[in-house]
> 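First, the structure itself, so that you have it in front of you.
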Amino acid sequence: MSPFILLMFLFVYFGVLLGVSYFTSRKTADNSTFFVANRNSKWYMVAFGMIGTALSGVTFISVPGAVGVSNFSYFQFVIGNALGFLVIAYVLLPLYYRMNLTSIYTYLEERLGHKSYKSGAMIFLISRTIGSAFRLYLVAIILQKFIFDAWNVPFGVTVAGCLVLIWMYTNKGGLKTIIITDTLQTFCLLLAVLLSIYFMADGLGISVLEAFERVKDSSYSQIVVWENILGDKNHFWKHVIGGAFATIAMTGLDQDLMQKNLSMKTIGEAQKNMLTFTSIFVVINLFFLAVGALLYIYVADKGIDISTLRTPDYLYPEIALNHLSIAAGIIFMMGLTAATFATTDSALTALTTSYCVDFLNFNKKENPNDPRLVRQRNMVHFVFSVVMLIVILIFRLLNDDSVVTAIFTAASYTYGPLLGLFAFGILTKYRAKDNLVPYFCVISPICWYVLNTYYIIPHTAYRVGFELIVYNGLTTFLLLWLTSPGRLMKLSKV
């Protein structure tokens, strides 16, 4: 497909997003609008829009590509995700609403102490910056390969251009704008998935229903992996347990997605949002896996050589842009762009909110909507855009693994301590040894990285999967518990 056609599509797409930004922020663009959308969001719009944020370009490209190796076993992880969303709806959201939080990490200050609070907020800033940078990196390498390499545009310029455009449409309206744009982008993403299935079925000379039958009858449709619980990362319980705790940590303890839930009027609306979102999330992941199976069926049927692809992440774009119709290529690019930018724009807003509230103390100011604070918020928003650019360029130099694996591996290390902090606060009545908390949050992931890399992998048959986040969080929890002043006092009396 012509790179020029794809480039024109991107300009039109961003033009629409900029138009939405203008209309949502032309009347009010203060900090209350940016941080919590004036707490006036409609739950059904948030539920639908969160799909695009939660899925991202990782799901759009890496999940279909990984079907060739792991079949539908990723759906085990999705089952775990659904269980985690229920915990968020009925345990975490009531807590956040009861405390009327803007940043969810202020809970840690009241429950555990000031340094625990700052540690939790810092973990989020690092984790979300890395995770969102990885996700944007994924779409950037596709844009680079299929569009900008034709004009010899440097990769750094491609990424910088994406971030500038995202900054432009999120800078004023913040969360209020994002709730609208994410709704639009989720619609584009879902449409792209459904139409991709249609175009591949048409290329195979079968109907959509027949395509689903071929997927169901193929070897790719195997979901459950029961064998070899020690040596297989894709074992059922590893995926389900890892998926549940990853969701609790990466969604329920993450300012990004929780910020949208906190923008609604009542806890009831927020819970309806989470339940609706969960239902759609499970179904749409099945569609992504079906796309993956159809990609490999299409490749086999047409005799397409994919051995030269650097990574399975390239499979979907390769087929959509080089082997299907122009319409299919545009639809693919629409879905990829929508999925990735829905994640990145939301992340930039959440990072800005967390830094302004947790480190600049906007919530403690007499007038949080003071024009000087608005200008300060704009600068923070810009700085995080630059930081994300730098992280992406570093990842470009270092990454040699599948993006989906890299993201969840990094998240297992960075979000683990956050899981341990909140679990200690919610499940125990002890206070933490606040001065030690920052050290625990560093010690735990380092210990597990060393253990997994230099002991478990070389010397044992066990292979750690997504459940790594559980081990990491549990280690942080135990360190907090063992050094808790209340517990030590009880032991001294015995």
> Of Phe199, Phe288, Phe332, which is the lone residue that meets ring pair (Phe, Tyr, Trp, His ring centres under 6.0 Å) with Tyr316?
Phe332
> Is the number of heavy atoms from other residues, nucleotides or ligands under 6.0 Å of Tyr355 OH greater than 12?
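At most 12 heavy atoms, drawn from other residues, nucleotides or ligands, come within 6.0 Å of this atom.
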> Quick one: closest heavy-atom pair of Ile284 and Phe281, and the distance?
CG2-O, 3.3 Å
> Is any side-chain heavy atom of Ile248 closer than 4.5 Å to a side-chain heavy atom of Leu92?
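In short, these two side chains touch, coming nearer than 4.5 Å.
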> What closest approach, in Å, do Thr475 and Ser444 show between heavy atoms, and which atom pair accounts for it?
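Reported closest heavy-atom pair: CB-OG, 3.5 Å.
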> Are Ile197 and Phe212 side-chain neighbours, meaning at least one heavy-atom pair lies under 4.5 Å?
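Counting from C-beta outward, Ile197 and Phe212 do come under 4.5 Å.
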> So which atom in Met200 and which in Leu295 form the shortest heavy-atom distance, rounded to 0.1 Å?
SD-CD2, 3.5 Å
> Looking only at non-hydrogen atoms, find the nearest pair between Pro417 and Ile123 and report the distance.
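In terms of heavy atoms, the two residues are closest at CB-CD1, 3.7 Å.
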> Can you tell me which residue pairs pass the salt bridge (Lys or Arg N to Asp or Glu O under 4.0 Å) test with a partner in residues 234-255, sequence neighbours excluded?
Arg128-Asp254
> Has the side chain of His239 got a donor or acceptor atom that lies under 3.5 Å from a matching backbone atom of Phe75?
no
> Which pair of heavy atoms, one from Phe236 and one from Trp226, lies closest together, and at what distance?
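Scanning both residues completely, I find the closest heavy atoms to be CD2-CH2, 3.5 Å.
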> Treating Gln76 as the side-chain partner and Val225 as the backbone partner, does any N or O pair qualify as donor plus acceptor under 3.5 Å?
yes
> Rounded to the nearest 0.5 Å, what separates atom OH in Tyr13 from atom CG in Leu184?
5.5 Å
> To the nearest 0.5 Å, tell me how far Leu348 CG sits from Phe382 CZ.
12.0 Å
> Measuring only between side-chain heavy atoms, which start at C-beta, is Thr476 closer than 4.5 Å to Leu418?
no
> Quick check for you: to the nearest 0.5 Å, what is the distance between Thr353 atom OG1 and Ile104 atom CD1?
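These two atoms lie 11.5 Å from each other.
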> Quick check, are the ring centers of Tyr96 and Tyr107 under 6.0 angstrom apart?
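So the answer is no for these two rings.
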> Are Thr428 and Trp481 close enough that a side-chain donor and a side-chain acceptor fall under 3.5 Å?
no
> Taking everything shown except Tyr198 itself, do over 12 heavy atoms lie less than 6.0 Å from its OH?
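No, not enclosed.
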> Report the C-alpha distance between Phe384 and Leu125 in whole Å, list the side-chain angles of each, state the deciding distance to 0.1 Å, and finish with yes or no for side-chain contact (heavy atoms from CB on, under 4.5 Å).
CA-CA 10 Å; Phe384 272 113; Leu125 293 179; 3.9 Å; yes
> In this structure, are over 12 heavy atoms from other groups packed under 6.0 Å from Phe187 atom CZ?
no
> Within the side chain of Asp434, is there an N or O that forms a donor-acceptor pair under 3.5 Å with the backbone of Lys115?
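Side chain of Asp434 to backbone of Lys115, a donor-acceptor pair under 3.5 Å: yes, one is there.
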> Decide yes or no for Arg377 and Leu373: does some side-chain heavy atom of the first lie under 4.5 Å from some side-chain heavy atom of the second?
no
> Does Asn81 use its side chain to pair, donor to acceptor, with the backbone of Gly243 at less than 3.5 Å?
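Looks like yes, one N/O pair under 3.5 Å.
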> Go through it in stages, so that I can follow the logic: the residues are Lys272 and Glu269, the test is salt bridge (Lys or Arg N to Asp or Glu O under 4.0 Å), and I'd like the CA-CA distance, side-chain angles, deciding distance and then a yes or no.
CA-CA 5 Å; Lys272 282 194 292 186; Glu269 289 189 351; 5.8 Å; no
> Would a distance-only check, ignoring hydrogens and angles, find a side-chain to backbone donor-acceptor pair under 3.5 Å from Thr344 to Leu136?
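Side chain of Thr344 to backbone of Leu136, a donor-acceptor pair under 3.5 Å: no, none is there.
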> Less than 4.5 Å apart, side chain to side chain, heavy atoms only: is that true for Phe440 and Thr483?
yes
> Spell out, as yes or no, whether a donor-acceptor pair under 3.5 Å connects the side chain of Ser218 to the backbone of Val215.
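Such a contact is found between Ser218 side chain and Val215 backbone.
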> How long is the span from the CD1 atom in Ile88 to the CE atom in Met274, to the nearest 0.5 Å?
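Between atom CD1 of Ile88 and atom CE of Met274 there are 4.5 Å.
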> Under the side-chain contact (heavy atoms from CB on, under 4.5 Å) rule, what do Leu163 and Met388 come out as? Steps first, then yes or no, please.
CA-CA 8 Å; Leu163 286 167; Met388 197 168 291; 4.2 Å; yes
> For Asn472 and Tyr413, test the side chains for any donor-to-acceptor distance below 3.5 angstrom and give the result as yes or no.
no
> Would a 4.5 Å heavy-atom cut-off, applied to side chains only, mark Tyr462 and Val464 as touching?
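Yes, their side chains come closer than 4.5 Å.
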> Does the Thr106 side chain pair with the main chain of Ser103, one donor and one acceptor, at a distance under 3.5 Å?
yes
> Set out, in order, the CA-CA distance, both residues' side-chain angles and the distance that settles side-chain contact (heavy atoms from CB on, under 4.5 Å) for Val87 and Thr247, then state yes or no.
CA-CA 9 Å; Val87 174; Thr247 295; over 6 Å; no
> Taking Tyr105 for its side chain and Gln255 for its backbone only, find out whether a donor-acceptor pair lies under 3.5 Å.
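Confirmed, Tyr105 side chain pairs with Gln255 backbone.
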> If you compare all heavy atoms of Ile469 against all heavy atoms of Ala249, which two are closest, and at what distance to 0.1 Å?
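Closest approach of Ile469 to Ala249, heavy atoms only: CD1-CB, 3.7 Å.
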> With a 3.5 Å distance limit and no angle check, can you tell me whether His381 reaches the backbone of Thr352 through a side-chain donor-acceptor pair?
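Not at all, since once roles are kept as given, no pair shorter than 3.5 Å links the two residues.
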> Check step by step if side-chain contact (heavy atoms from CB on, under 4.5 Å) holds for Arg111 and Phe422.
CA-CA 9 Å; Arg111 177 63 184 83; Phe422 273 85; over 6 Å; no
> For the NZ atom of Lys433 and the CG atom of Leu482, what is their distance to the nearest 0.5 Å?
14.0 Å
> Quick check: do Gln271 and Ile267 have side-chain heavy atoms less than 4.5 Å from each other?
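Yes; the side chains approach each other to less than 4.5 Å.
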> Would you say Ser70's side chain and Ser73's backbone share a donor-acceptor pair under 3.5 angstrom?
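No, because the side chain of Ser70 does not come within donor-acceptor range (under 3.5 Å) of the backbone of Ser73.
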> Quick one: pull up CG in Asn234 and CZ in Arg463 and give me the separation to the nearest 0.5 Å.
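Between atom CG of Asn234 and atom CZ of Arg463 there are 13.5 Å.
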> Are Leu419 and Leu474 close enough that some pair of their side-chain heavy atoms sits under 4.5 Å apart?
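A side-chain contact under 4.5 Å is absent here.
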> Report, as yes or no, whether the 6.0 Å neighbourhood of atom OH on Tyr439 holds more than 12 heavy atoms from other residues, nucleotides or ligands.
no
